[in-house]
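Hydrogens, waters and symmetry mates play no part in the numbers below; they use all other heavy atoms, side chains included. Numbers restart at 1 for each chain; the letters A, B, ... are given by sequence-line order, proteins then strands.
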There are 2 protein chains.
Amino acid sequence: MTQARPMRADARRNYERLLRAAVEAFAEHGEGASLDDIAKRAGVGSGTLYRHFPTRRALLEAAYLDRIEALAQRADAIARELPPGEALVEWLNELALGLTRVRGLKSLLGSAVTDDGSAVATACGSRLTGAAERLVRAAQAEGSLRGDVEPIEVLRLTHGVATASELASGAGTDVRRYLSLLTDGLRAAP
Amino acid sequence: MTQARPMRADARRNYERLLRAAVEAFAEHGEGASLDDIAKRAGVGSGTLYRHFPTRRALLEAAYLDRIEALAQRADAIARELPPGEALVEWLNELALGLTRVRGLKSLLGSAVTDDGSAVATACGSRLTGAAERLVRAAQAEGSLRGDVEPIEVLRLTHGVATASELASGAGTDVRRYLSLLTDGLRAAP
DNA sequence: ACCTGAACACCGTTCAAGT
DNA sequence: ACCTGAACACCGTTCAAGT
């Protein structure tokens, strides 16, 4: 997965500058931030950006890798602290909050749980679906979650809940409330 | 609300040409369709498009007005046929299906139920919120819907459900299923 | 091997000139 | 009063030239 040969020193430096600039720009302007502006912030030519990150999504994914990783690890931590049903709900809450707070993160999850033709199994996508898989299966085994929902569906619905609460002004307060409606529905028998 | 003086004949003709071209273009390319292309299709200068529709949203709204109207009327028709709780669920199903099938319609509803600073009460927005208002209140009076949800919240959540099911390949089949999870949650006591 | 930045194509928006 | 289309600003993407 990692490149065979290490990067040349200047390439590595540009790569990291681009990543830092991207994190800043995405935070300021959302996932639509100007790529040209990101290259300028990083002090590199626009061609260099394309060399390292051939698509916007590749850059977005690289910029948010650590956040995704942290969310996945939270799943495991929570699973050790709470019984399965509560663990799932708690993790979904943290996930949904993250999706509304960190601009661009929601669209990243979106493309990770899409199954259109492309269906590029992104690194961050498989990390999150893996985490969801464990929590969902455990809750189903315990009987606190209906058995006919797939982990990826739970992620899609959480994405939807985050979208819905973004439409309200105080997105932070509504997300818990909207998510509880979803989890109430998920608990019910099919 | 309607203009004081009637439009000049050529203006009226251009207006309608633009509208037809917009319906076509939005259907083909989604809400992001090129405005310049729409003007070209209609055979008018780009400035004329801006004269009639100062923003993309204005054009989008005008293009979908009849669809919105039809959805609102369906709400009343269903309300006469079914008991309140079932009527709400049935209408939300038709709404969600419309949101996934008609490209651009979802974003239109989205801006109608957003309460950010702008909060322009669009014509189509108030039409849909009015319809939702009646169905929601009736279901709550009957006791088949929890009393602490607002009509606009139900619309936001339906928007979210449509978003979630768009992430699945066969959006049409998933939307009923995802919506039923939501309505299960909405039935539960608070 | 990698970087730079000019060049190209495309889009939204404005506005002077025309009828 | 309304229309046209050139002009401008901006953005993504490619690629020849440079180190």
**Message:** Side chains of A:R156 and B:S165 only: does a donor on one sit below 3.5 Å from an acceptor on the other?
**Reply:** no
Can you tell me which nucleotide in [options] comes closest to the side chain of [X]?
X     : options               : result
A:A11 : D:dC2, C:dC3, D:dT4   : C:dC3
A:S34 : C:dT13, D:dT4, D:dG12 : D:dG12
B:S46 : D:dT13, D:dG5, D:dC3  : D:dG5
B:L35 : D:dC2, C:dG12, C:dC2  : C:dG12
B:Y50 : C:dT13, C:dT4, D:dT14 : C:dT13

**Opposite nucleotide pairing with D:dA6, Watson-Crick or G-U, both atom distances under 3.5 Å** = C:dT14
Are any of [X]'s side-chain N or O atoms less than 4.0 Å away from OP1 or OP2 of [N]?
X     : N     : answer
B:R8  : D:dC2 : no
A:H52 : C:dC2 : no
A:N14 : C:dC3 : yes

**Request:** Could you tell me the separation between the CD atom of A:E133 and the CD1 atom of A:I152, rounded to the nearest 0.5 Å?
**Result:** 9.5 Å
**Prompt:** Under a 4.0 Å N-O cut-off, is there an ion pair linking A:D36 with A:R41?
**Reply:** no
